[in-house]
Structures are given as structure tokens and as C-alpha cells.
There are 2 protein chains.
Amino acid sequence: MKEKIEQLIAQSREFLKEEQIVTDKEGMSHYCYDATEMRFMPDVVFLPYSTEEVSKIMKLAYSHDIPLTPQGGRTGLSGGALPVDGGVILSLLRMNKILEIDEKNMQVVIEPGVVSADLQETLKKYNLFFPPDPSSTIESTLGGNVAENAGYTRAVKYGVTRDYIIGLEAVLPNGDVINVGGRTVKNVTGYDLVALLIGSEGTLAVVTKIIAKLLPKPVLRRTCIFYLDDLVAAADLVVSVFGSGIIPCAIEFMDNTSINCVADYLSAELRRDAAAMVLIEVDGSNQSAVDEEVRLVMETAGKAKGVTESKLAASDEEADRLWRIRRETLPALKALGKDHLEADVVVPRYQLPLLARSIQESGVGKKVNIATYGHSGDGNLHVTIQYRKRNFAETEEAYELLGDIYRRTIAMGGKLTGEHGVGLTAKNYMSIQMGPTEIALMKRIKQAFDPKGLLNPKKIFPDEGQEETA
Amino acid sequence: MKEKIEQLIAQSREFLKEEQIVTDKEGMSHYCYDATEMRFMPDVVFLPYSTEEVSKIMKLAYSHDIPLTPQGGRTGLSGGALPVDGGVILSLLRMNKILEIDEKNMQVVIEPGVVSADLQETLKKYNLFFPPDPSSTIESTLGGNVAENAGYTRAVKYGVTRDYIIGLEAVLPNGDVINVGGRTVKNVTGYDLVALLIGSEGTLAVVTKIIAKLLPKPVLRRTCIFYLDDLVAAADLVVSVFGSGIIPCAIEFMDNTSINCVADYLSAELRRDAAAMVLIEVDGSNQSAVDEEVRLVMETAGKAKGVTESKLAASDEEADRLWRIRRETLPALKALGKDHLEADVVVPRYQLPLLARSIQESGVGKKVNIATYGHSGDGNLHVTIQYRKRNFAETEEAYELLGDIYRRTIAMGGKLTGEHGVGLTAKNYMSIQMGPTEIALMKRIKQAFDPKGLLNPKKIFPDEGQEETA
């Protein structure tokens, strides 16, 4: 391997500048981690500026049988961008140009290294709106969001990343460039390779250009907060809101542990005794429509079982404060300084509070802590298990609990991951959800793109002999 | 082949009743055509009632190397359900049960033979709404709509079939049953095989169960009709409407030929001198919001260049009459009694009227007639070329024109088909749109599902030596 890497680096110097090739340990250490806090060192990091450079690097690595892992903003929560087998990290951070904003067709063409927040900021000037905007917006890149099919709080009304991507340029493991989809919002010409690449976690091809459709920007929003004395009552609250004919743009959920943790972290005045907190936002461009929707939400919640306090944010500033509570939940949990495992399970919407309660019950009497919070409108529950890695019993307990959470989720008709991806963290639980026929079929699709198995290896598919089962 | 078919039929009698096996020519003639009016006779038609029967039939056909073509309501416009190589037709018409309506999670579970209109009618009782509802609603089946990723007039606001399907049960060519996706609205566990199967035109697997998400039913709608004296002005009208911040649920377009043809067919009073007609509908559940939106649409159109007449339907009945004009366009064109070729091209939204003009120009001085109409909000233009098959010169001209239309479309950044599928009618034009790398990749995906190439053969991919090129 070492010799092949040296050859690869020597050959890459023929078309890359020295500043695009990182080989020193300190330099490479900036690319070896993500938000999981796992670390894997590569042998070399390349920083291409163009599709042509990406293609040349991939062709070279392929010819030397060297594994290659594409990487964006390293905000992933499943380890999808980590070079498990070493080899090449292909960082797309320098391909960060917004290439075209087509106002007439409400489309944007961007490179994969564009940071989400930068795109949002730019589009504001045009009164245009790219709805997907994950919590990691100030660091995560669009390429990463496409690779993971990122979700976000507004997915309940506006859908996820996949719903906005209409065309991709991508490079296959052997260096061939493909163009799939394009500038049309509808397209049924052949298999939908755009949809297949989105959420494929960088294991099929490296995306080098993204065409997204946009919406007119909704200019108004109203945010409400509800406290409940019964966790499971949140299920009926959510169903009642939809039953009133409204599609809120966000319905978020936090359990008692999450509420208290954020209250400490932000020194915020929250109802610390509440079993659950639900945040609901409606948006639109028409004042009377938005007013009517928020009135209906408040009225519905007023009648709902278990709601002990309702509050409507009086201003956008107050709404921002409420959203800060939700957004800072994971940072607050992390700030406790413990090690943590994250699950990103998803169930049918109504089942989310039931799953949260079931997870709480499974944690009773255990030494590790569990907090749940997430996207109630989508049934997508984030679970943080806090433990100490150096304590053997806690570590055992934490992993036992994680497997247990996945099994409870699947038993409720759910899935392992709603928006974070399988990556490394969930791969050995895949057989709990999927049968061998489905996994074998996915492997054949992987092979159709990557016959040598060199692109982002050891992700998604369970390690042989390591699978947990139902 | 004949001997193998006889063996297959004999073996199928072990688990199917006689009424599920059609082998007489007259009986089979009901399954040999679709809306393209092409005809291909099968060797046998099977009518399974269950996934188990589908699996057994497919396993048998696979073991005998007999081609098998799945089929729904035979309303397809690209020949996707026709048994080009004979063999088995697997008609899903008897798997027509709505298995479950989950009101709390706003989901429905159905068999593939359910007719679109029946699903719509059933959901009304629950105040629920499955937006995709193609023009062929009274005959087309959900299985067919999934296979073709069917569009419809409201796709501009609500998206296409793919946007609502969250889970599928399907049978692979060898008879293996797979379950992909499920009951959750979000899911990023492994590759998105749901999205890949949708729009794969029955060439990868046979769908036997469909899980769809639903929306609360919007209860209000307002419809406006606009006549224009300039075809291309329609482009700016559509852009202005979006620019006002509104997302109408439908924006439809008809050219002068289409207007006159429908006016004759329905004896309707339409502006026969108009260069184009645009139909815009807004919907919602809030009276003042819908009123405000329609006011803005009328105001925007009032200022738009080229608009000679605007009219707002005063009642739902009047709106229905307007929609009938649009819906009866293809039947009206067919009723002229000529042979016809259909194209279903799609371009970036703003380009649609420009493409319509370009197509008109290419028809000048030709003997064949061309009519264009379609989904302006999606950039999806339907083109009907009328000619007489028995007239050699007209036939030559018609096909020459069809190739020309595809080339003009691709040159404008468009795609061969927006909602009808490639099937037989567009397959030999694929190389105009796609490079050999993309086509080869799609073939490898086909192989990952169907290594023997027996499922719905000779669709999508160009026949060797028959490809038209750019």
C-alpha cells in the first residue's frame, strides 16, 4: 500500500498544485474526524478545484486499487465521510462556487462544497428559497447534504433534500463523469439515478455539480410552544393539528431530559417539570392565511389532552429564541462532557411519542442517561445515550441499549435512520431492518457502480459476522 | 418456446384457478394493446390475486427463460406494458384492494391493481388526499402510475407520484419478494430502492403492494382562464405568477390547434383566434388565502404582456367546464381519426412556450398536423403529430418531425419524457439525451435486478443499430 500511495502522490503532482495535496500528519488531522468524534487517518488528502481534477484523482486511485473517501463539511453523525481503510480523502471543500441562479426557472446550480448557510444567504437576495437547511447549516456542505439526503426541521411541510435535487454531475469510481437528471422539474427518462445517488452516502459516485429547484420564499411565520404533562399525549396533539387541515412547516419534540439539559446550557426559563415540549411553526406568504392557521393550531392545542401550557411567540425575535432551544439540544447534551451514542430512528408519525416512552422505560434503572428529541411531524426521533467510554459496564450498557432502541423501532414499523445515514454507526444493525434479499440486491447495485469496491468502503453494509439481528 | 410455454401453463394450473389463466386468442386480445394503439400478442395471460401467486408465476417463467411483462390498466402512452417478445402478460388488475387507510399517520396501503379514481373516491370520505391523479384516472391503476412515475395537472404544487410513495413490496424477476421503504415518511437506511423502482417502467421488479403518504384535502379552489395573442408571452405570464410568491396547483397550456380541436369536439365557445390558452388553478383550505392568491393571479395576468382576455370561473361547476376543455384535448385530437405520434417532452419551465413555437415552426409547410398542449408549470409539453400511416410520405414526415422535436428539446436543456415514460416509443431516441456511460450504467442496474433480461424486455434501452443520435 505505502508504495502505491507514493506513486499516486507523485502522479497527482502532474496536475495538482502542492497546496492541493496534504500528506503531513498535522495537516491530515483536520480531515480525519466528523461529528461522531470517531477518527480515521487517511494516507493523503486531495483538494480538487474542478470535476476534471476529481476525475483524474479517482482514475488514478482506481488504477492503483487505493480506497477513496469523499468528504464535505465533516458534520455527519454516522461516520460516512471517514476513511476507515485509510487511502485517499477527496475533500470537496474547494469546489464551493454557486455557478448559476436561474431566477426565471427558479433553479440553482452549485458545486458540492458550497456551505448550506452561504446558499441560504445568497438566495435571500432573490426572494428564493431552498428549503433543506440542516441544523449544521453553518458548516455542512450541499454535497454532504445530497450524499446523506439530509433532513431538517421544515421537512414536514417542504420535504427533504431529495425533493429539491433535479440534476447531478458525478464521477464514478473509475473516473468516468456522468450527468443524470438536469434542468427540468419532471423527468422519467430511464432509471432515476438522481434519486439513487441522493442518500447513497458517497458509496456509488462522487457528486461534483448539483442542480436544485427552488421555491418562492415564504415571508411570514408564527411559532408556538406547548408543554405537556404526558409524553404520549404529544401523539394526539400532532394528529389533531393535521386533522384541522393544516400542514405546519415544523413540529418538533423534546423530552424532559432534553428540556432540562437545554435549560441549564442556555440558562433559559423552561418548564422543567414538563414531560414533553412541542414546538409548532406555520409559514406562508399571506398574512390572513398564516394568522388563521396559527389560530387553528392554538385552538386545537387548547382542546388537546395533556397540554398544560401554550404560548404563541409575539415576534420573530421571540420565535428565534424558541428555535434556539431546539437547535442547541445536541450541543447542550454534548456539553455535559460525557461520551455519547446517537440514534436517528424514525417511525410512523403517530408512534413517535410511544417510541420515546418505550425508550425511556428501557433506560430505567440503568447507569447511562438517555435524552430524546426530534422531528415529531416526520416521526424522526433523535436519541442521545450518555455514558463513559472508560467505564466498561457503562459502555456495555450503552451499546446494549442502542441495539434495544433499534429493535423497538423496527417493531413499531420504523427504520434505523431518518436523516443521518447508516454510515459506520448503524451498519451492523442493518439486518434488524432488512432481509438478506434486500441487502444482497443493494450490494449488486453497489457493484454496478463500483466493481472494485474502492469508493467509501466499509459503509452501509454490515461487517461479516458482526451483524446484530432482530 | 411453444413447448416451454405449455409446460409453464401446465405447472401454473397447480396453484392458479382456470379463470386466472387466459390462453385463447380472443381472451388475450383484451391485454395486447394500450393507449399507443400498438398491439403485441402474448402467449399467455395470468391474473394473480396475491403476492404469493405473482412470486410463483415469476419463478416459473424465470426457470423456463420466458419473458414476462407486467400490466395494469393499459392506459400507457409509451407502450411500456406491451409484451414485445410475447411470453407472459402478468396482469395485476385483480390485485385491486385498498388494504388499509391509516388516518392517524395519513397513509394508505394498496394493491397495484387499484384504479386511481377508486382510491380518490375512497379517500374523500376521510378528508384525505392522494394528489397524483393522472388524466387516465378512471382506468389507470396505481401500479401503473408507480411504474411510470405518473404526473398530472397538479404536479406543479404537489409533486409527482414518486413524491408520495414511501414503501413498496415487489417481486424480483426470479420470484424473490422484497420490501423496500415502509411506513415512515423519512428513511435513509441504505439505497433508496423505492425511488429507483418508481418510474422503472416494470423492468426491474413487479410491484405488489404500495404504501403512500397522504395530505389533508384542500377544500377550496379557484380556476382562471387566460387567452394570449402571442404564444411566447405565456412564458412570462407563468414566471410573473411565481414571482408574485404564489405556487398555483395547476398551470396548463394549449396552443391554437389544440384550442380549435377541442372547441369542435365539445362544441365549446373558445377564443379560436388565440395563440395560446393558459389555465391556472389555486387551491387551499383557507378562504381568505385562496381569495388573495386568485386576486394576485388575476392582477399579475392583467399586467402581463400578450394577455387578451382573462376570466375567473365563478363556481366550481364553471371550473369543471374549464378543466374538461383541457382534459378532453387528447381525446379530441384522437377523434379526428388520423394516426398519431405522441411526444411528452419536458424543458425548464420558462422554455415551454419557446419550445412550442419552435415545434410549430418546424411543422410549417409540412402535410402532417402538430398540436401542443401540456403542463406549463412543470415545463412538460405534450405534442401530437397527426398523419396517415398508409401514406408513405406523411409517415416519413411524421417520424422525421418526431426526431426533430426530441433534438430541439434536448438543445433547450430538456428531456425526452416528463411523465409518459420511455417504453417503446422513445427508446431509440435515448442516445440523443444520454451518453454511452449513463446508458451502460443503467444497463448494469437492470442486470443487478434481472440478470437474465426477462422482465419486460426491449423497453427503455435503444435497440442496437436503431438509435437516433443528436
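Note on naming: letters A, B, ... go to the chains in the order of the sequence lines (proteins, then strands), and numbering restarts at 1 for each one. Keep in mind it's a predicted model, so treat the numbers as computed, not measured.
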When the 4.5 angstrom heavy-atom criterion is applied to A:D176 and chain B, the contacting part is side chain
Legend entry - Derivation of the side chain to side chain contact (heavy atoms under 4.5 Å, CB included) call for B:D192 and A:N149: CA-CA 10 Å; B:D192 191 348; A:N149 189 21; 5.6 Å; no
Residues at least two apart in sequence or cross-chain that pass ring-ring contact (aromatic ring centres under 6.0 Å, His included) with A:Y350, listed by chain then number, are none
*Less than 4.5 Å apart, any side-chain heavy atom of B:M434 and any of A:T189?*
yes
Rounding to 0.5 Å, atoms CG (A:L215) and NZ (B:K157) come to a distance of 11.5 Å
Honestly, the part of A:L128 sitting under 4.5 Å from a heavy atom of chain B is neither
Bottom line for A:I460: the part with an atom under 4.5 Å from chain B's heavy atoms is side chain
Greatest number of non-hydrogen atom pairs under 4.5 angstrom with chain A, of B:G243, B:A440, B:S288, falls to B:S288
Pair count under 4.5 Å, heavy atoms only, with chain A: among B:V194, B:D163, B:V347, highest is B:V347
Most contact-rich option vs chain B, by heavy-atom pairs under 4.5 angstrom, among A:E293, A:Q447, A:M430, A:R162, is A:R162
Bottom line for B:N179: the part with an atom under 4.5 Å from chain A's heavy atoms is both
Per-residue tally against chain B (heavy atom, under 4.5 Å) across A:S200, A:G159, A:A155 peaks at A:S200
Of the listed B:T417, B:N286, B:V185, the one with the largest count of heavy-atom pairs under 4.5 Å with chain A is B:T417
Measure from the side-chain N and O atoms of A:K104 to the backbone N and O of B:V239, and report whether any donor-acceptor pair falls under 3.5 Å.
no
Whatever's closer than 4.5 Å to a heavy atom in chain A on B:K443 counts as neither
The interface call for B:F129 against chain A, heavy-atom contacts under 4.5 Å, is neither
Taken to the nearest 0.5 Å, the spacing of B:L296 CG from A:S285 OG works out to 9.5 Å
With chain B, the option among A:G435, A:S244, A:G190, A:G167 that has the most non-hydrogen atom pairs under 4.5 Å is A:G190
Of B:A195, B:G245, B:G199, B:G379, the largest count of non-hydrogen pairs under 4.5 angstrom with chain A goes to B:G245
Interatomic distance, CG@B:N105 vs CZ@A:F242, rounded to 0.5 Å, equals 10.0 Å
Under 4.5 Å to a heavy atom of chain A? For B:Q433 that would be side chain
Given the options A:V422, A:L197, A:I198, A:I445, B:Y191 meets side chain to side chain contact (heavy atoms under 4.5 Å, CB included) only with A:I445
Comparing B:E419, B:E292, B:K213 against chain A, the one with the most heavy-atom pairs below 4.5 Å turns out to be B:E419
side-chain hydrogen bond (donor to acceptor under 3.5 Å, both in side chains) filter on A:E438, not counting sequence neighbours, yields none
Turns out that what part of A:K446 lies under 4.5 Å from chain B's heavy atoms comes down to both
The residue among B:L172, B:V180, B:L204 that forms side chain to side chain contact (heavy atoms under 4.5 Å, CB included) with A:L441 is B:L172
Just wondering, more than 12 heavy atoms not from A:K217 lying within 6.0 Å of its NZ?
yes
From the list B:D102, B:I439, B:V290, B:L193, the residue making the most non-hydrogen contacts under 4.5 Å with chain A is B:L193
Original post:
Can you tell if the side chain of B:V188 reaches within under 4.5 Å of the side chain of A:E148, non-hydrogen atoms only?
Top reply: no
Close side-chain approach of B:K186 and A:H375, heavy atoms under 4.5 Å:
yes
Side-chain heavy atoms of B:P216 within contact of A:I247, under 4.5 Å: yes
CZ of B:R183 to CE of A:M412, rounded to nearest 0.5 Å, is 14.0 Å
Bottom line for B:N187: the part with an atom under 4.5 Å from chain A's heavy atoms is both
Output for pair (A:T437 OG1, B:I178 CD1), nearest 0.5 Å, gives 8.5 Å
May I ask you to test the A:M106-B:R349 pair for a side-chain heavy-atom distance under 4.5 Å? yes
